[in-house]
Amino acid sequence: MHVTRTGFTSLKGARHLDRPFVDLAWDGPVGDREFCLVDPARERVLRTVENPTLMQTRVAWDAGRLTVALPGATAEGVPAPSGETRTLDYWGRSVTLEIIDGPWAAAYSKHLGYDVVLARSPAGDVVYGASVSLVTTGSLAELSRRIGASVLDSQFRATFTLQTDTPHLEDGWIGRRLRLGEAEVEVRSPIPRCAVIDLDPVSGRRRTQALRTLADYRRQGNEIMFGVDAVVAEPGRVHVGDATTVTLVL
């Protein structure tokens with residue numbers, strides 16, 4: 001078993017980018033969802049499922065510089081704290097975010113068609129579950145077979161895709177540790193899914209019927225599950241191609 005894809009986005013909801021490696025710190029992938037957009041009128045963090053055109057934007061966060069490529073526009077610079085913090089809603093829980101000055105809010109407001117502001121988030125605060133997410137090629141292949149069309153792993157916006165031949169082998173990893181390259185993670189739970197998984201990861205337009213298909217065979221109570229999430233047990237770098245092994249039953 002090995003890693004076939006690594007990826008994340010530095011701004012929640014923006015395009016989930018393939019990366020040659022990911023550095024895992026104690027609080028999760030370094031740079032992952034460090035920024036988010038806020039709807040000040042509704043006092044909440046933007047939800048990707050309600051703003052699918054966020055996927056049309058690419059974000060680079062490197063050496064203290066934030067660069068956003070939007071359709072027909074670019075916004076870049078060094079994020080400057082405004083001195084303002086706001087406590088807002090994120091899927092039913094309160095998060096306290098630092099509002100950021102700069103050109104990004106105006107660019108995204110124009111793209112989305114309503115006013116938003118950019119905020120910086122403490123690590124993991126605008127992540128629905130645990131900080132690391134994993135899907136497997138075996139599960140993706142089974143879902144593709146049932147749909148009758150190819151499902152892209154980037155539709156699930158996971159930190160890591162792992163090569164397996166057995167569908168939903170990851171169900172058996174709950175409560176176990178996985179060695180990924182230099183790092184180790186503790187697998188916590190299955191991941192509840194929403195309609196975001198049906199969207200094309202570049203355009204944000206509907207691409208598949210993945211959620212409806214999963215509902216037929218992956219429903220647990222009121223939730224539809226696919227993949228697993230995990231927390232970091234040992235920090236380190238994880239490259240595409242790194243071997244993956246189950247190392248410990250807790």
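We use all heavy atoms of the structure for the numbers below, so side chains are in, but hydrogens, waters and symmetry mates are not. Model, not experiment: these values are computed from the prediction.
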- Geometric cation-pi criterion R237 and F21, 6.0 Å radius, 45° cone: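 Yes, R237 lies over the aromatic ring of F21.
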
- Report yes or no: is the cationic atom of R19 (NZ for Lys, CZ for Arg) under 6.0 Å from the centre of the six-membered ring of F8, at an angle within 45° of the ring normal?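 Geometry flag: set, cation within 6.0 Å and 45°.
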
Side-chain contact test, heavy atoms from C-beta onward, threshold under 4.5 Å: evaluate it for [X] versus [Y] and give yes or no.
X	Y	answer
V95	T87	no
D27	V232	no
R176	V187	no
D229	V132	no
T159	T6	no
V3	H239	no

Do NZ/NE/NH1/NH2 and the carboxylate oxygens of [X] and [Y] come within less than 4.0 Å?
X	Y	result
R218	D171	yes
D200	R205	no
E223	R193	no

- Message: Could you walk me through whether T53 and H111 satisfy the side chain to side chain contact (heavy atoms under 4.5 Å, CB included) test, starting with their C-alpha distance in whole Å, then the side-chain angles of each, then the deciding distance to 0.1 Å, before giving a yes or no?
- Response: CA-CA 8 Å; T53 62; H111 175 69; 3.4 Å; yes

Looking at [atom1] of [X] and [atom2] of [Y], how far apart are the two atoms once the value is rounded to the nearest 0.5 Å?
X	Y	atom1	atom2	result
T164	E170	OG1	CD	6.5 Å
T245	R177	OG1	CZ	12.5 Å
T137	D153	OG1	CG	9.0 Å
T48	K12	OG1	NZ	5.0 Å
H2	F160	NE2	CZ	14.0 Å
R157	D32	CZ	CG	9.5 Å

Under 3.5 Å, side-chain donor or acceptor atoms of residues 61-82 against the rest of the protein: list the pairs with distances, not counting sequence neighbours.
from, atom 1, to, atom 2, distance (Å)
W61, NE1, E34, OE1, 3.0
S82, OG, E84, N, 3.1
S82, OG, I99, O, 2.8

Under a plain distance cut-off of 3.5 Å, with no hydrogens placed, do [Y] and [X] share a side-chain donor-acceptor pair?
X	Y	result
H168	S139	yes
R15	Q56	no
T57	Y108	yes
D165	Q163	yes
E98	T85	no
S94	D89	no
T161	T4	no

- Item | Full working for side chain to side chain contact (heavy atoms under 4.5 Å, CB included) between S154 and R5 | CA-CA 9 Å; S154 53; R5 179 184 185 267; 3.8 Å; yes

- Task: Applying side chain to side chain donor-acceptor pair (under 3.5 Å), name anything that partners Y114, two or more places apart in sequence or on another chain.
- Result: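 Y114 satisfies side chain to side chain donor-acceptor pair (under 3.5 Å) with N51 once adjacent residues are dropped.
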
- Message: Test salt bridge (Lys or Arg N to Asp or Glu O under 4.0 Å) on D198 and R206; report intermediate values, then the result.
- Response: CA-CA 6 Å; D198 282 326; R206 180 175 292 276; 3.1 Å; yes

Closest heavy-atom contact between [X] and [Y]?
X	Y	value
S109	V116	OG-N, 3.0 Å
P29	S131	CD-O, 3.4 Å
V196	M55	CG1-CE, 3.7 Å
E142	P167	CB-CB, 3.8 Å
S133	A158	OG-CA, 3.2 Å
A105	L118	CB-N, 4.1 Å

Examine [X] and [Y] and state if one hydrophobic cluster contains both, with Ile, Leu, Val, Met, Phe, Trp and Tyr joined whenever side-chain heavy atoms are less than 4.5 Å apart.
X	Y	value
I191	V151	no
V49	L54	no
L180	F156	no
V240	L17	no
V22	L11	no

- Query: Could you go step by step and tell me if I197 and F226 meet the side chain to side chain contact (heavy atoms under 4.5 Å, CB included) rule?
  - Reply: CA-CA 10 Å; I197 65 171; F226 190 92; 5.8 Å; no

Please tabulate, for side-chain N and O atoms in residues 35-45, each donor-acceptor pair with protein atoms closer than 3.5 Å (sequence neighbours left out).
from, atom 1, to, atom 2, distance (Å)
D39, OD1, A41, N, 3.1
D39, OD1, R42, N, 3.3
R44, NH2, E50, OE1, 2.5
R44, NH2, E50, OE2, 3.1

- Take L97 and R86 through the test side chain to side chain contact (heavy atoms under 4.5 Å, CB included) and record every step on the way to the result. CA-CA 5 Å; L97 307 174; R86 297 188 189 182; 5.8 Å; no

- Message: Counting only heavy atoms from other residues, nucleotides and ligands, does the tally under 6.0 Å from CZ of R146 exceed 12?
- Response: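 Atom CZ in R146 is packed in, count exceeds 12.
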
- Applying salt bridge (Lys or Arg N to Asp or Glu O under 4.0 Å), run through E234 and R179 and close with a yes or a no. CA-CA 9 Å; E234 183 178 324; R179 168 64 61 172; 3.0 Å; yes

- Query: Is a donor on one side and an acceptor on the other found under 3.5 Å between the side chain of Y90 and the backbone of V126?
  - Reply: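 It does hold such a pair.
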
